[in-house]
There are 2 protein chains.
Amino acid sequence: MKEVAQAAGVSTITVSRVINTPEIVKEETRNRILKVMSELQYQGNQAAKALVTKKTRVVHIFISQNIKLTNPFAMHFLAGVSDGLSERHYSFLVRREWDHPYKCDGIITMSVTADQENLIKEKFDVPVVLFGHSLPNYDWVDVDNYQGAYEMVQYLIALGHRDIGLIVINENRQFVSDRINGYKQALSDNGIPFLSERIEFAENKEDVGYIKTIELLERTTITALFCMSDELALGAIRAARLMKKNVPHDLSIAGFDGLGYERLTDPAITTVHQPVYQVGQELAKVLVERMEQPDTPLIHKMITPELRKNKSVFKANH
Amino acid sequence: MKEVAQAAGVSTITVSRVINTPEIVKEETRNRILKVMSELQYQGNQAAKALVTKKTRVVHIFISQNIKLTNPFAMHFLAGVSDGLSERHYSFLVRREWDHPYKCDGIITMSVTADQENLIKEKFDVPVVLFGHSLPNYDWVDVDNYQGAYEMVQYLIALGHRDIGLIVINENRQFVSDRINGYKQALSDNGIPFLSERIEFAENKEDVGYIKTIELLERTTITALFCMSDELALGAIRAARLMKKNVPHDLSIAGFDGLGYERLTDPAITTVHQPVYQVGQELAKVLVERMEQPDTPLIHKMITPELRKNKSVFKANH
DNA sequence: CTGAAAGCGCTTACAG
DNA sequence: CTGAAAGCGCTTACAG
């Protein structure tokens, strides 16, 4: 910077201004400095800047220990966040614990509990944006789980289904109750009673989906089955095959997630696509906005998932 | 730091030593300072440290523009790198272009060409570790593509197959020729002639795998087909079904990658699992080693992929 | 084993 | 619109 200043015949302060607030430098001076900067291939020293501005340009991503980084959901999320932050020249790292020797400018959390959310806000004095939020007084970006489930069930009903089973992921989290409510509301809007015998609760695994589907098929006369994940739906398809039910003609099966796996089965699964990558990008964008303009009012961004019609769902066979 | 020094009755220099070279501080003094540090919840200022040590603790990942971040290979890679760097308290970002306003301590590249590798080495004066390397005089971590292909073809031959087709990804890259060589060597070691009519070249897409498999089945009498990716293998399975060939009884189909998709088809695909996540972790480890100990001799780490036997391959049906 | 002094490369008030 | 001075919080030789 000193070299640039010397070569351009100005002080370092003016060079600094060209970088940070170019509009207050006379155009002529500014151009001369810019020219010298590119000639000398000037690269700013972020550390020096950080020392005085207290900005690190580093973001920490909190992902709770019990989510494996290799699960598709986490990977899409991470890829999206990575893309969104990288293009804005912020670097980041993933934290799984509370301890960390270095500071950051902002935090993104994925699926942490309300308690953890408050702890983070309290412990770190930097902006926080949530994905899978539990509390309202934070910035967050989320997927509209209610709407996704509602649309799927509406679609099934429109195809003539009235006996519609539901396999619920048995986790005590917001997205689960949102999806249940979407299911209920769609039934209610169409005058179909909600029967608890059509509901099963399952750990989010293929083989649990398999078992629960067998139980449902033995107990009820459902013509369509809505699973809260594609993984569960995969198990459901396998179970239907075992029970000699043709999918989709004897039993329509729908899933949730749409992260790519759904297209590989035969039949491909009709699902609610969660744009997790895009959510990651949005989280990055919102956090950068908040970091660079702290006074922005609370940002809440709900992203509507997309119904993806495939071959696992068909008209009801009356 | 000044506060800590004052409270412990020493100079800041000694505090600095406790952090960086604790062994040269008298034990008594050291313990006193450590106690004060934890009492005062001292958090070092990385920016100040960076300013004087010229270390940013930021790594840049170069991924060429034509690889989408949402493809499973890239996502596993990124997740692994993320894990490896994060646990060592390095942050990172993904670069897709040459321009960038900030400096970094080290670079990891994924699948860039020899020209780009040299350009990076020349342009940036920091350690570089390669994945999918083209040049020998760099640190790299890689998957042994030759060995993976060799083992798969050996396995097919052991099951009695002699007419083994191959669908090659038509990209001019090292991993492609390595896999072709593995295929050739396995044939040759078993006295089976290499026939070019059993080879097809294909863009790495499901529907191209589908088309090329049909051509192979019309032209040859293969009993097994080795595809250079699971995506191609998916297309191959679909083609076999069209041609009324039972998989695996009439035609065994094998793939490459093993990133999760292979288990969702019916039958699940026998494949060569590339541990891309683990490769990512290794890359991070090697780079950190290199950054922290620049004099380490060149590091070349070849990771052997794993043959995963599933239902898409069976004994030859003579 | 410990400390006084200088300096890393920027930005922030404050003047002019 | 531009500049002189001070300072951000550390570490690096150099002494002792």
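Partners of B/Ile67 under the side-chain contact (heavy atoms from CB on, under 4.5 Å) rule, at least two apart in sequence or in another chain, are B/Ile63, B/Ser64, B/Asn71, B/Ala74, B/Arg96, B/Met110, B/Ser111. Among residues two or more places apart in sequence or in another chain, the side-chain contact (heavy atoms from CB on, under 4.5 Å) test is passed with A/Glu231 by A/Asn204, A/Glu206, A/Ser229. Scanning for side-chain hydrogen bond (donor to acceptor under 3.5 Å, both in side chains) contacts around A/Asp178 gives A/Gln174, with sequence neighbours left out. For A/Tyr277, the ring-ring contact (aromatic ring centres under 6.0 Å, His included) test picks out no residue, with sequence neighbours left out. In terms of the side-chain contact (heavy atoms from CB on, under 4.5 Å) criterion, residue partners of B/Glu23 (sequence neighbours excluded) are, by chain and number, B/Thr21.
Within a heavy-atom distance below 4.0 Å of DNA chain C, no residue of residues 27-35 of chain A is found.
Side-chain N/O atoms of A/Ser11 include none lying less than 4.0 angstrom from OP1 or OP2 on D/dA4. OP1 or OP2 of D/dG3 sits under 4.0 Å from a side-chain N or O of A/Thr14.
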- Message: Just to be sure I follow the notation: if a pair is Watson-Crick (purine N1 to pyrimidine N3 plus N6-O4 or O6-N4) or a G-U wobble (N1-O2 and O6-N3), each under 3.5 Å, what dot-bracket string does DNA chain C give, with | for pairs to another strand?
- Response: |||.||||||||.|||
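Within the structure, the ring pair (Phe, Tyr, Trp, His ring centres under 6.0 Å) test picks out the following pairs touching residues 45-67 of chain B (sequence neighbours left out): B/His60-B/His100, B/Phe62-B/Trp98, B/Phe62-B/Phe124. Residue pairs that meet the side-chain hydrogen bond (donor to acceptor under 3.5 Å, both in side chains) test with at least one member in residues 40-49 of chain A, sequence neighbours left out, are A/Asn20-A/Lys49. Within the structure, side-chain hydrogen bond (donor to acceptor under 3.5 Å, both in side chains) pairs that include any residue of residues 280-296 of chain A comprise A/Asp83-A/Gln281, A/Tyr90-A/Glu292, A/Asp139-A/Arg290, A/Glu282-A/Lys301 (at least two apart or interchain).
Atoms OG and CZ, from B/Ser91 and B/Arg57 in turn, are 9.0 Å apart once rounded to the nearest 0.5 Å.
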- Can you give one letter per nucleotide of nucleotides 9-16 of chain C, 5' to 3': B if a protein heavy atom sits under 4.0 Å from the base, S if only from the sugar-phosphate, - if neither? BSBBB---
In residues 27-38 of chain B, what donor-acceptor pairs under 3.5 Å come from side-chain atoms, sequence neighbours left out?
from: B/Arg30; atom 1: NE; to: B/Pro22; atom 2: O; distance (Å): 3.2
from: B/Arg30; atom 1: NH2; to: B/Val25; atom 2: O; distance (Å): 3.3
from: B/Asn31; atom 1: ND2; to: B/Glu27; atom 2: O; distance (Å): 3.4
from: B/Arg32; atom 1: NH1; to: B/Ala8; atom 2: O; distance (Å): 2.4
from: B/Ser38; atom 1: OG; to: B/Lys35; atom 2: O; distance (Å): 3.1

